[in-house]
Every structure is written in structure tokens, then in C-alpha cells.
Amino acid sequence: MAFQGPKGTRDFYPEDMQVISFIFNTWKRTAWLFGFEEYEGPMFEHLDLFTKKSGEEIVKQLYNFKDKGDRDIALRPEITPTLARMIVARGSSLKKPVKWFSIPRLFRYERMQKGRLREFHQLNLDIIGEAGISADAELIAAVVFMMKSFCLASTDFKIRVNSRKLMSECLSALGFPAEKIPAAYSILDKKGKIEPEALQEMYAKDGIAGSDVQIIENLLACASLDHVRALVAAKADQVPALAEIDEFFSKISAYGLSEFVLFDIAVIRGLAYYTGIVFEVFDEQKSLRAIAGGGRYDALIEQFGGEPTPAVGFGMGDVVLYELLKEKNLIPQYRKPVDVYIINFNKDDSLPAISFASLLREKGVSCEFSLKGQNFKKQMEHAQHARMVAFVGGDEWKEGKVKIKDMGSGEEKVVEKDEAYSILAMGTHPPAP
RNA sequence: GUGCUAGUAGCUCAAUUGGCAGAGUACCAGAUUGUGGUUCUGGGCGUUGGGGGUUCAAGUCCCCUCUGGCACCCCA
């Protein structure tokens, strides 16, 4: 093997491109149905655009280099900072709310696992400039719609939703020290993922003890919103986020998507910048890593130098989604795109095939023919992927006629050339613009 | 960044305690120059991922490295 692609990259052969296009097209169609517009930015940005959002630690998890002008550059590991930059640059001239989507190719310098590579695609949908919970509900409805568009059912996946705001209000109402709330988040995030001893270590490391431990344990034990409600019943006035998340779930019900969306107190997400609703999409068995994740980030645009602007968004990667679709046998079968195959009766004279192919192409019919004068049988073998076959050359060709064959039914007939065009053109499916 | 595991034909895999590298599939060509998915025959299938070491002899044992898979960390 002379050369290999770099670690964690993929080659997309035509059959792979057909799959990735299927995924992209499904994404784009849903984005369009929900009124999102597409945007795109550069694949590399100034390094500090990413450290601004995520801190210096992020540098060891991305590809960065100095360019010939001695500038610090990074291949983008996410597109949200680019989005924030673009939003800030247009400022108040954008009509709110902004509903934009993108399918960026992203790069992360990480050790690979199932569903995680160093180069991948990620759909991003964001709603910017709407503070109300209706934006969160609309966004999550779009996620569910998208998953349904792949023919995934509620028995295949669930969207697990929590609220950072709800968690911090509950913790405060129960008397948990405010400065330790971030540590509490990371412990909640570990629910069901680590051993009890490891949990004790985390408490010790973060200096959480006594009644504070009990507060977290009580929260962790909540399997539903009603449990949370009961836990803070005495201090309900200090937890307005409860009403908000109730409103969220009533909207989800109105969308008709209740079976797909559930409350899960263990969904916190690692990033510090989430301020409200957070959610993750998992396969039902939770055997794969999260298929998508997102939430509300009301402080980010301001952090990038813009006016205070509420925002909510999510990302969905192509790698894990592909794993799930493959597992559920929902990947469309490969189909060679050519529509008509032209066969030369006389393998030593390719001119009839050339002239007929040119005429078909002028008419917008996709076609090809053997480029190397193969015998009849070989040509037929190549033609078996085509929808229709046209036979040229020989006696019919001399009379201005062409024999055409439907490869599905096997039906054949000899027709005038002009008639052949219109018959062959029927049923063609040109690629969408 | 840490640990575990694997790598043989394009693909799926076999090869006795170390003893001449194989099968299927796919590909190309021909029995077939006017009819496809089926047969028959022939043909590349290869520095056994790469490098070094032990040995009369290494796909096999040892070391290094590359790539894949899994767990931890992280998950934007």
C-alpha cells in the first residue's frame, strides 16, 4: 500500500457519496420545511476565534498552524464561532429571529472511536434573536422531524431534554452554594455512567460535602419533572424555570411529538456556555454516542462583541447518524446514476453511439456507452444498471431507427430516432439543482 | 494523552509446536461480433501494513512504527 489517507479521515467513493448526499439532502429538506436558510464560512479561522469561546485547552483538540504571514490559524472544529462572528458583523440589520443552517466539514484532533473521526460533517441549525421557549420547541421539533425523515421511529431514538436554568434554580432554592453549581453540573452529567466510588471521589475533589451531597443525590434521583416539582414544592416561587419547561413540553405535545421527547436530568452537556434548555439525541439502546446535541446559549453573541442576543441551536454529525442508519438498515441501496446505456451492434464502428449519445444529452437524457469497442455481451453487462438501453448501428440505424429496451420489463421495440428520444426521456430523474 | 486488541489478494477469510502462501467473491479476457443478472475456461490476485531482530528457515516469536477497533479523558 503506497499511500494512506491521514488518520481519522475518510475517502468517499461514488457509492459513499451517494449515501452522504442522501443524508445531506434529507437534512436540507427538513431545514427548508422549517424555514431555515443556508450559510457557510471559511474552513479555517483565526485560532483565537475558538479559544475565545472554549478557552486555551481547546487548542490541543484542534488542528492549528502558523501561516506564512505568521498568523495563528485553526481548521474549524465547529462552526458556531463563525456563525457568531457573522451575526455580530451584520449587527442589527438582520431581521430577527435569524433561522440559519449549515453543513460544515469540521476537523478535530482527537483519538478516534466508533462514531468519532478527525474529519466529519455536522449539520447545524440555529435560531438567533428569540428568547422565548417557542424557539427551543421549534428547533427540537426540527430535530425530531429530521430523524423521522430518515424513517427512524420513536422506538429507534429519543430526545432527552433538561434545562440548565431549571437545575441552577433548583440547586439554589435547595440551598446549594452558587459557586459550586458548575461542579454539580459535571456530577449530574455522570449519572449512570460511573461507579459509586468514582462519584464519591468527584464529591471530594470538588469540595462538596454533607447536605450539599444530599441535595445532588436528591436531584439525581428525579426520574421525571413531577419529581423535581415535588422536591422544590416548598420553594416553588424560586424556580420559575419549571413553568418554562412545562410550557416547552406542552408545545412539544402540540407538535405531536411527545413520544419522541422526554425529560432527563442527566443531560447537562459539557460546555459552560449553555444557559437554558439543553438536549441530546440518543439511539433507544444508548449503544452509540449522542447523535445530536444542543441547547440555548444566550450569552455567546455578546461574548463575541455583539449586542446581547438570545440564541438556541444544535449540531448533528454525519458519522454517528450513519452508524445508526446502517444498524437500522435505512441506507438506500447504491444505484448507478446513468439512465440510458447505448449499445453498438457493430463494435468496430462507434460513430452511431457517439452521435446518438450527443442527441440524447442535448435532450437532457443521461446516457453513456462503451468507450472501447467491446463485444455485444460485454456491452449488455455494463448496461444492466441502466433503466433503458438503446441499440444503434446495424440495419435499423441505416433506416433511421433505433431499437430500445426497457431493462426492467425486458420489453423491446424498434422506433424512429425522434420517437426514441421522447420515450427514453420519460422517467428520467435529473439531479436536483 | 493512557491502556487493551487486531492487521494476509480490491473485499470476506484460511494456513498444524516456526517448514514451499491458499479459498470464495469481485475484476479483466476468451468458449459467444444482435440481447443483461446464469454457467464453463483462462488470467494479475501478494514486498503477509512498514522497518529491524532471533533462526538453517518467520504470516507465525521479540522490538519499533503506521493504520483500524474498544475503554478512559474529552465531547464544541
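Letters go in sequence order (proteins before strands), and every chain restarts at 1.
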A:Lys403 side-chain N/O to B:rG34 phosphate OP1/OP2 under 4.0 Å: no
Considering Watson-Crick and G-U wobble pairs with both distances under 3.5 Å, what does B:rG36 pair with? none
Distance between C1' atoms of B:rC70 and B:rG53 (Å, rounded): 30 Å
At 4.0 Å (heavy atoms only), tell me whether A:Glu280 reaches a base, stays on the sugar-phosphate, or touches nothing. nothing
Write down the distance between CD (A:Glu57) and P (B:rC75), rounded to a whole number of angstrom. 10 Å
Measure the distance from CG on A:Asp395 to C1' on B:rU33 and round it to the nearest whole Å. 14 Å
If pairing means Watson-Crick or G-U wobble with both distances under 3.5 Å, then the partner of B:rA6 is B:rU67
Is there side-chain contact between A:Glu217 and A:Leu199, with at least one heavy-atom pair below 4.5 Å? yes
Check: A:Lys377 side chain, B:rU35 base, donor-acceptor under 3.5 Å: no
Atom pair distance, as rounded to whole Å: CG in A:Asp189 and P in B:rC74: 9 Å
For A:Gly270, which contact category applies under a 4.0 Å heavy-atom criterion: base, sugar-phosphate, or nothing? sugar-phosphate
Which pair of heavy atoms, one from A:Ala135 and one from A:Arg296, lies closest together, and at what distance? CB-NH2, 3.7 Å
Using 0.5 Å steps for rounding, measure from the CZ atom of A:Arg160 to the NZ atom of A:Lys158. 8.0 Å
A:Lys363 NZ: over 12 foreign heavy atoms closer than 6.0 Å: no
Kindly say if A:Lys7 contacts the phosphate of B:rU67, meaning a side-chain N or O under 4.0 Å from OP1 or OP2. yes
Using a heavy-atom cut-off of 4.0 Å across all strands, would you classify A:Glu110 as base, sugar-phosphate, or nothing? base
How many whole angstroms separate atom CD of A:Glu119 from atom P of B:rC75? 22 Å
Using the closest heavy atom to pick a nucleotide of RNA chain B for each, name whichever of A:Tyr109 or A:Gly410 lands nearer the 5' end. A:Tyr109
For the aromatic rings, using the six-membered ring if either is Trp, is the centroid distance between A:Phe249 and A:Phe263 under 6.0 Å? no
What does A:Arg108 touch in the nucleic acid at a heavy-atom separation under 4.0 angstrom: a base, only the sugar-phosphate, or nothing? base
Charged tip of A:Lys403 within 45° of A:Trp397 ring normal and under 6.0 Å: no
If you look at every strand shown and take non-hydrogen atoms under 4.0 Å, does A:Gly8 touch a base, only sugar-phosphate, or nothing? sugar-phosphate
When you measure from the side chain of A:Lys378, which nucleotide among B:rG36, B:rG34, B:rA29 comes out closest? B:rA29
Compare the minimum distances between each of B:rG36, B:rC74, B:rU33 and the side chain of A:Asn375, then state the nucleotide with the smallest one. B:rU33
Between the base of B:rU35 and the side chain of A:Glu412, is there any donor-acceptor pair under 3.5 Å? yes
Complement of B:rC72, any strand, by Watson-Crick or G-U distances under 3.5 angstrom: B:rG1
Can you check whether A:Gln113 has a side-chain N or O nearer than 4.0 Å to OP1 or OP2 of B:rA71? yes
Taking atom P of B:rC66 as reference, at what distance in whole Å does atom CE of A:Met112 sit? 13 Å
Run the ring-centre check on A:Tyr421 versus A:Phe356 and record whether the distance is less than 6.0 Å. yes
Among B:rC75, B:rU35, B:rA29, find the nucleotide with the atom closest to the side chain of A:Arg116. B:rC75
Quote, to the nearest angstrom, the P distance that separates B:rC27 from B:rU39. 13 Å
Using the C1' atom as the reference point in each nucleotide, state the distance between B:rU38 and B:rG44 in Å, no decimals. 25 Å
A:Ile58 atom CD1 is separated from B:rG1 atom C1', nearest whole Å, by 15 Å
Between B:rC61 and B:rU25, how far is it from one P atom to the other, in whole Å? 31 Å
Residue pair A:Glu138 / A:Tyr255, side-chain donor-acceptor N/O under 3.5 Å: yes
Roughly how many Å is it from CZ in A:Arg118 to P in B:rU67, rounded to a whole number? 8 Å
Taking the same atom, P, in B:rC13 and in B:rG51, what whole-Å distance lies between them? 25 Å
Rounded to whole angstrom, note down the P distance from B:rC63 over to B:rC4. 12 Å
C1' spacing across the pair B:rA15 / B:rU8, given as an integer number of angstrom: 10 Å
Looking only at atom C1', what distance separates B:rC74 and B:rG59, rounded to whole Å? 38 Å
Rounded to the nearest Å, what distance is computed from the CE atom of residue A:Met202 to the C1' atom of nucleotide B:rC74? 13 Å
Residue A:Arg289, side-chain heavy atoms: nucleotide from B:rC75, B:rU35, B:rC74 that is nearest: B:rC75
Check whether the side chain of A:Arg111 and the base of B:rG3 form a donor-acceptor pair under 3.5 Å. yes
Which is true for A:Phe50 with a 4.0 Å heavy-atom rule: it touches a base, it touches only sugar-phosphate, or it touches nothing? nothing
